[in-house]
Amino acid sequence: MKNITEKELTAYNDLLTQEKAAVDKFNYYAQNCKDPSLKKLCKEAAARHQEHFNTIYSQIN
């Protein structure tokens, strides 16, 4: 990636923080959910947010 500004780096950091929080929350919900279909949805949401995190992270490496 080209050189990024401090402002862009801050924006990336904010996005990574938000995606990580979403991953953690959905994993927590999946672990504590009794309904199998809802548990599956939470696991899928966690995986989707992990993909988002990985994509964003790859942009700054």
Derivation of the salt bridge (charged side-chain N to carboxylate O under 4.0 Å, His left out) call for Asp35 and Lys39: CA-CA 6 Å; Asp35 183 317; Lys39 181 182 284 270; over 6 Å; no
Carefully, step by step, assess Asn54 and Gln50 under the rule side chain to side chain donor-acceptor pair (under 3.5 Å). CA-CA 6 Å; Asn54 294 344; Gln50 184 64 55; 3.0 Å; yes
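Checking side-chain atoms of Asn13 against main-chain N and O of Leu9 turns up no donor-acceptor pair under 3.5 Å. Between the side chain of Glu8 and the main chain of Thr5, a donor-acceptor pair closer than 3.5 Å is present.
Scanning both residues, Val23 and Ala46, for their nearest heavy atoms gives CG2-O, 3.7 Å.
To the nearest 0.5 angstrom, Asn61 atom CG is 12.5 Å from Ile56 atom CD1. One distance of note links OH of Tyr12 with CG of Leu16; it measures 9.5 Å at 0.5 Å rounding. In this structure, CG on Asn27 lies 11.0 Å from CG on Asn32, to the nearest 0.5 angstrom. Note that SG of Cys42 is 12.5 Å distant from NZ of Lys25, once rounded to the nearest 0.5 Å. The structure places NZ of Lys43 at 10.0 Å from SG of Cys33, a figure rounded to the nearest 0.5 Å.
Residues meeting the ring pair (Phe, Tyr, Trp, His ring centres under 6.0 Å) test with His52, sequence neighbours left out: His49.
Under the 4.5 Å side-chain heavy-atom criterion for grouping Ile, Leu, Val, Met, Phe, Trp and Tyr, Ile4 is connected to Tyr57 within one hydrophobic cluster.
Between Glu44 and Arg48, no side-chain nitrogen of the basic residue sits less than 4.0 Å from a carboxylate oxygen of the acidic one, so the salt-bridge criterion is not met.
Ring orientation note: the planes of Phe26 and Tyr29 are nearly perpendicular, at an angle over 60° on the 30°/60° scale.
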